[in-house]
Number of protein chains: 2
Amino acid sequence: MLREERYNYIVNEVKIRNRVLLTDIARKLNVSEDTIRRDLNHLDEQGKIKKVHGGAISSSFHLYSYREDQIYAHEHKSTIASKAVKLLHENCVVLMSGGTTNLELARLIPDNIRFTVFTPSLPVAMQLIAHPLVETIFIGGRLSKDAQIALGGDAIRTLSHLKADILFMGTGNLDLDSGLTEFDWEVVQLKKAMMESAKKTVVLTISEKINSSQRFKICATSEVHTLITELEPSHSLLIPFREKGLELI
Amino acid sequence: MLREERYNYIVNEVKIRNRVLLTDIARKLNVSEDTIRRDLNHLDEQGKIKKVHGGAISSSFHLYSYREDQIYAHEHKSTIASKAVKLLHENCVVLMSGGTTNLELARLIPDNIRFTVFTPSLPVAMQLIAHPLVETIFIGGRLSKDAQIALGGDAIRTLSHLKADILFMGTGNLDLDSGLTEFDWEVVQLKKAMMESAKKTVVLTISEKINSSQRFKICATSEVHTLITELEPSHSLLIPFREKGLELI
DNA sequence: TCAAATTTTGTAAAATCGTGCAACATACCT
DNA sequence: AGGTATGTTGCACGATTTTACAAAATTTGA
């Protein structure tokens, strides 16, 4: 591992995630924490990132800060993503929505598998082009400043011409009666279109978001094929979903 | 093994893998490490690759680079970008290609101006969505791993439906006779399409890239409306271009 | 305030780099 | 062909850089 590769990795990671932990990078790149510390110092001097106690954050100020619960939920999301990775196989065509869980999924894709991903999410796309084999196609459109995804007619039109093997749906709330719901109407439109463009819909969500609902409905629970959470499939919270016919992982 | 053969091997390897280790090449080609070291130094001076401690990485992957001479060039790019900003006005429709100069331009846009940008560049789009007022539309398509832009039919098709007031063309070499040229054929296709979708083409380039050319031609010099470099418009290097009718800034 | 985590500082081992030099090959000239 | 000039290669050596480990100092959060 060349030093410059670490630099690239770190800057890229900060760009995508807005924050990185020193210990995470050290473990991921298999070098000592001291080395990463030196890297962070150097990149800070270059102004590429801003080093802080315990890691680094983006040097350019950002609109939205990460909430406490999001940091807490990160390990859950990582668990979920690692389960989702197992659904990938050589030469499959994947559709990925936005959200931090999907971003984590993109990061965890093994280096030696080759397939194609369509996504309207800017961070997910940034993460995917760092992968040596995955072909990434960005679904263009008007970019939402907070969700960092393409929305609107262009994106939906592109989706209508496409059929993917599997859709990984990131955020969203799932409730037995209300179904899959979202806060933003335009996001709902996009997700509806995504579901129609995929043979199979896999919802990735932390258990917090189960049995809660938002303003607008994307689809009924029964239209989701697979649900991946950090809980064991036998957990009592999930039993009603299994009875509805969802595959649980 | 001829020296040129080694050169080709190394450049090719860097192009494919984005990185090479000095020791690996030496072992693979059965020559001493010193020889490879000399090769790397030479190729670095030619700008074909970027030599780093322990090996080399792709020079086109210079988005997050830090080398002295590139920092020097960065100041130029910043100068150029600040000149280009003045061409923006309220409610205009802008098309931006990729490259670090355009990225710098995106960074320097004042907070209080509102307009619309179309771009196929992932880094430029990331930068633009941090702006409070600018509406950003991403031109989707297959993503190039090294240039980090959308290429191919999708992108070109989207461009064909669109007419922008002004196009900021980032990278590329400009020569009086050869015109505007590029190394990569697919990028050439994209840039041609971009030019057709804009009323006016503004080329942003550091003076290093003037009077040099690459493999493929995008257009003739006369088809460019405005040229922005870090030099004064009265500089002798630029006089022939003014005589061709280009506006110089 | 205390304990845990993180940073700083110093150090030693390993890897890498630059340089001079001799051996060899190639190009050029007579 | 012979000789000279030029360029290339591999090796040796010291200088420099990079890295990991350890101990002390500092910061963080409860």
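None of the values given here were measured: they were computed from a predicted structure. Per chain, numbering begins at 1; letters A, B, ... match sequence-line order. Below, each value reflects all heavy atoms present in this structure, side chains not excepted, and no hydrogens, waters or symmetry copies.
Between Arg6(A) and His53(A), it is Arg6(A) whose nearest contact on DNA chain D lies nearer the 5' terminus. Two residues, Arg38(A) and Lys51(A), neighbour DNA chain C, and the one matched to the more 5' nucleotide by heavy-atom proximity is Lys51(A). Heavy-atom distances to DNA chain C give each of Val52(A) and Gly54(B) a nearest nucleotide, and the one nearer the 5′ end belongs to Val52(A).
Of all the heavy atoms in Val134(A) and Lys145(B), the pair that sits closest is O-NZ, 2.5 Å. Nearest heavy-atom pair, Thr205(B) versus Ile80(B), reported as atom, atom and distance to 0.1 Å: O-CD1, 3.4 Å. Considering every non-hydrogen atom in both Gly170(B) and Asn102(B), the closest pair reads N-ND2, 3.3 Å.
The interatomic distance linking Asp39(B) (CG) with dC17(C) (P) rounds to 13 Å, in whole Å. Separating the CG atom of Leu22(A) from the C1' atom of dT7(C) is a distance of 10 Å, rounded to the nearest angstrom. Atom P of nucleotide dT6(C) and atom CD1 of Ile36(A) are separated by 14 Å, given to the nearest angstrom. One atom, CZ of Arg3(B), and another, P of dA27(C), lie 12 Å apart when rounded to the nearest Å.
Here Arg27(B) pairs with Asp24(B) under the side-chain hydrogen bond (donor to acceptor under 3.5 Å, both in side chains) rule; sequence neighbours left out. Taking Glu230(B) as the reference, nothing meets the salt bridge (charged side-chain N to carboxylate O under 4.0 Å, His left out) condition, with sequence neighbours excluded. In this structure Ser178(B) satisfies the side-chain hydrogen bond (donor to acceptor under 3.5 Å, both in side chains) test together with Asp175(B), sequence neighbours excluded.
One axis for each end of the helix from dT1(C)-dA30(D) to dT30(C)-dA1(D), each built from five base pairs, and the angle between them comes to 40° at 10° resolution.
With salt bridges taken as basic N to acidic carboxylate O contacts below 4.0 Å, none links Glu13(B) and Lys28(B).
From the 5' end on, the contacts that DNA chain D makes with chain A at under 4.0 Å to a non-hydrogen atom open and close at dT18(D) to dT28(D).
Using a 4.5 Å heavy-atom cutoff, the side chains of Thr119(B) and Phe168(B) are not in contact. By the 4.5 Å heavy-atom criterion applied to side chains, Val94(A) and Leu87(A) are not counted as neighbours.
Of the residues in residues 27-35 of chain A, those placing a heavy atom less than 4.0 Å from an atom of DNA chain D are Val31(A), Ser32(A), Asp34(A), Thr35(A), in numerical order.
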- request: May I have the step-by-step check of side chain to side chain contact (heavy atoms under 4.5 Å, CB included) for Leu133(A) and Ile113(A), ending in yes or no?
  value: CA-CA 7 Å; Leu133(A) 297 177; Ile113(A) 179 170; over 6 Å; no

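If you check every strand for non-hydrogen atoms under 4.0 Å, Arg37(B) touches a base.
The aromatic rings of Phe138(A) and Phe138(B) sit tilted relative to each other, their planes meeting at an angle between 30° and 60°.
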